[in-house]
Amino acid sequence: MHQIFAPIDTAAKLNKCAQLRVLLESPQLDFIMEAHNGISARIVEEAGFKGIWASGLALSAQYGVRDNNEASWTQIVEMLEFMSDVTSIPILLDGDTGYGNFNNMRRLVKKLEQRGIAGVCIEDKLFPKTNSFINGSRQALADIDEFCGKIKAGKDSQTDPDFCIVARLEALIAGWDLSEAMRRAEAYHAAGATAILIHSKSSRPDQVLAFAKEWAGRSPLVIIPTKYYSTATDVFRKAEVNLVIWANHLIRAAVASMQAIAHEVKASETLINIEDDIAPVKEIFRLQGADELIEAEKRYFNNGRHDIQAIVLAASRGQELATLTQDKPKVMLPLGGKPLLRLLVDKFKKLAINDITVVAGYKAETIDVVGAKVIRNPDYETTGELASLAVAQSSFGEEMLVLYGDLLFRSYILRDLLECPGEIVAVVDSVENSKSVSGSPDYAYCSIPDDLSLFGQDVNLLNISKTRQTQLGKSSGRWIGMLRLRSQGREWVSEALNELQKRPEFNSLGLPELCNYLIEQGKPIKVLYIRGNWLDVNSLDDLDLAFQLKR
Ligand code: SPV
Ligand code: MG
């Protein structure tokens, strides 16, 4: 009896070559399953198999070519790399005849090891070979010595001592008898094959069982029961077979399913009948490992910069534009054919801000802008901006922009805001009598007035107020209704919302009150000064002006 290499439950800790060797050498019966590309390889591993058969038939078939070495060996190896990359179990390649002579075999083994393939099975036929089930009896066998040289050349080329070379006997397929199979098996074993694969096209297992009996465990024994599939598996166990290869069943499953789905969709011209019968797109993403990439992006992309979420407060009607907002909220008023909100979303997208949430209220059902998610403040008639912001609170992102939905501004303002340091940054227009504000302005009182420097000043916001606060001196400008929150700032805002919600006047509070509360709590709000080039749309005149800020 051959040596037991290692107990099977330690196999997972071994490298792939050693794992395959364990599968071959341990006396218990094991199974490996065919795969033909990355996704099928993953499916085999997830199903619990301990190894993968990279079937020549299936690999050729998935390329749409015949199992006659029409796919080049490098094309096979290319696909094996995908299969190996996405799996942790060993792959045994069905290497046909080794794709040439001993020299080709040497290079093949080297390349397979480099791609993480655990072993190769070669069959004693002539290159280019034909699938054993197509006119098998007419196929010539390799010269024994030549084939033994190939095995030796492969063994001498491997660098991992556990890389496996399985010698496949085609004698029974080609119509020879058991003694010829035995003669060859002895020779291949002596040449150094890790295991012997005895192949048969009979629909009964008699041939392989007779061989197994005669072989009597001289080396590990492998079978492929494609044709004698109705044999009970225990029969193989009793015959002391080591490894069963389920050789082509995933490609056949895929073909049957693809044919049925393609025919149905063609005939019915709808997807409705098949959606429940196929894997959801989400399942494809899962098999591709999409979640891992999302996690990795958080760690590595943009120097760890988080995705920024924009929250657009758009619940109010915009009374000043009463006639125009009879059937839609202000954010849906068209400007040069596009709703205001569309212009806003386009500006965000230009700066890769793709997570856009609109808090809607008045005529919320009319808000329909691709790329923006709509959530509703059902109490918009009796509540204010902070109540709307609180509606979005459970879906706050890591970093955020909070702004009014009726804002229009040149893109550079947003770009500068994203660059501006500070956990919370407020945008303040320092131009006196700026045309931008037609409604009631939010006066901003800041620690230092705008010195018009090109490079950012370090300025703190002290207060925002609808009325002039003479005790605070001269206002430094107008807050335009835009805040940027980094992670810590976002947490401060969340805490502030929780606190303020306890107050009876919460429903009447707006973003300026939130800012003032944060400042009172000692949370610094930094200021980005701008000079014009923005607008909050409150009147028909504003709509004209807004047109100029479209870009
Ligand atoms: C293969 O899977 O390509 C094989 C096994 O060689 S069989 O098709 O059964 O010959
Ligand atoms: Mg094959």
Side-chain angles (χ1 to χ4, degrees), residues 34-37 40 52-83 91-115 117 119-155 157 164-176 180-181 184-185 187-188 191 193 195-201 222 224 226-227 245 247-248 250-252 255:
E34 169 261 315
H36 46 272
N37 55 21
S40 57
I52 294 168
W53 170 247
S55 154
L57 170 65
L59 282 161
S60 321
Q62 63 81 41
Y63 279 126
V65 297
R66 288 166 288 223
D67 189 12
N68 289 68
N69 297 118
E70 289 183 346
S72 72
W73 72 271
T74 51
Q75 286 168 329
I76 298 294
V77 170
E78 188 96 329
M79 183 59 86
L80 290 176
E81 185 172 348
F82 281 99
M83 294 166 64
I91 297 174
L92 174 62
L93 169 65
D94 170 8
D96 295 341
T97 57
Y99 312 115
N101 67 9
F102 78 93
N103 191 35
N104 303 92
M105 178 69 177
R106 292 197 299 184
R107 191 161 168 79
L108 176 67
V109 168
K110 195 169 152 192
K111 292 292 143 190
L112 291 179
E113 277 199 14
Q114 286 170 359
R115 311 270 171 138
I117 306 306
V120 61
C121 172
I122 50 170
E123 60 198 61
D124 54 356
K125 290 205 302 238
L126 304 182
F127 179 89
K129 60 102 230 198
T130 296
N131 186 278
S132 304
F133 300 141
I134 300 175
N135 278 334
S137 45
R138 285 184 41 207
Q139 295 184 36
L141 296 188
D143 173 78
I144 294 186
D145 288 340
E146 193 264 343
F147 195 70
C148 287
K150 221 183 257 185
I151 295 170
K152 281 187 193 140
K155 292 304 292 176
S157 309
C164 300
I165 296 184
V166 176
R168 164 167 156 179
L169 296 164
E170 291 285 297
L172 303 178
I173 298 272
W176 296 81
E180 176 65 12
R184 286 175 171 266
Y188 305 161
I196 295 293
L197 189 160
I198 181 70
H199 205 12
S200 163
K201 61 185 176 191
V222 184
I224 304 181
T226 304
K227 289 286 177 186
I245 297 174
N248 46 40
L250 291 197
I251 189 86
R252 286 165 62 193
V255 164

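None of these values were measured; they are calculated from a predicted model.
Across every non-hydrogen atom of A58 and E34, the tightest pair is CB-OE2, 3.3 Å. The heavy-atom pair separating G95 from I122 by the smallest distance is O-CG2, 4.2 Å. Nearest heavy-atom pair across V222 and A195 is CG2-CB, 4.1 Å. The shortest non-hydrogen separation linking I173 to S200 is CD1-C, 3.7 Å. The nearest pair of heavy atoms linking A247 to T226 is CB-OG1, 3.9 Å. Closest non-hydrogen pair, D94 versus E123, comes out as OD1-OE1, 3.9 Å.
To the nearest 0.5 angstrom, T97 atom OG1 is 13.0 Å from W73 atom CH2. Atom CG of L112 is separated from atom CG of L80 by 6.5 Å, given to the nearest 0.5 angstrom. For the atom pair CD1 of I224 and SG of C121, the computed distance is 6.5 Å after rounding to the nearest 0.5 Å.
Between T74 and K111, the closest side-chain pair of non-hydrogen atoms is not below 4.5 Å. Counting heavy atoms from C-beta outward, L57 and I251 have side chains that stay 4.5 Å or more apart. Using a 4.5 Å heavy-atom cutoff, the side chains of I91 and M83 are in contact. Two residues are said to be in side-chain contact when any heavy atoms from C-beta on lie closer than 4.5 Å; I245 and L197 meet this criterion.
In this view, A153 and F102, R106 satisfy the side chain to side chain contact (heavy atoms under 4.5 Å, CB included) rule, not counting sequence neighbours. With sequence neighbours excluded, the residues forming a salt bridge (Lys or Arg N to Asp or Glu O under 4.0 Å) with E180 are R183, R184, listed by chain and number. Under the side chain to side chain donor-acceptor pair (under 3.5 Å) criterion, S40 pairs with N37, not counting sequence neighbours. With sequence neighbours excluded, the residues forming a side chain to side chain contact (heavy atoms under 4.5 Å, CB included) with A187 are I144, C148, listed by chain and number. The side chain to side chain contact (heavy atoms under 4.5 Å, CB included) check on K155 picks up I151, Q158, I165, T194, with sequence neighbours excluded. Partners of S137 under the side chain to side chain contact (heavy atoms under 4.5 Å, CB included) rule, at least two apart in sequence or in another chain, are K201. With sequence neighbours left out, H199 forms a ring-ring contact (aromatic ring centres under 6.0 Å, His included) with F133. The side chain to side chain donor-acceptor pair (under 3.5 Å) test applied to Q62 returns no partner, not counting sequence neighbours. Residues passing the salt bridge (Lys or Arg N to Asp or Glu O under 4.0 Å) test with R66, sequence neighbours excluded: E70.
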- Between Q75 and L59, does a side chain to side chain contact (heavy atoms under 4.5 Å, CB included) hold up when you go through it step by step? CA-CA 9 Å; Q75 286 168 329; L59 282 161; over 6 Å; no
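Screening residues 126-136 for side chain to side chain donor-acceptor pair (under 3.5 Å), with sequence neighbours left out, gives D67-K129, D67-N131, N68-T130, D96-K129, K125-S132, S132-R168, S132-E170. Applying the salt bridge (Lys or Arg N to Asp or Glu O under 4.0 Å) test to residues at least two apart or on different chains, none of the pairs has a partner in residues 135-149.
Between the side chain of K150 and the main chain of G100, a donor-acceptor pair closer than 3.5 Å is present. Remark: side-chain polar atoms of N69 are not paired, donor with acceptor, to backbone N or O of P128 under 3.5 angstrom. Panel note: side chain Y188, backbone L169; no donor-acceptor pair is recorded below 3.5 Å.
Residue F82 places its CZ atom among 12 or fewer non-hydrogen atoms of other residues, nucleotides or ligands, all under 6.0 Å distant.
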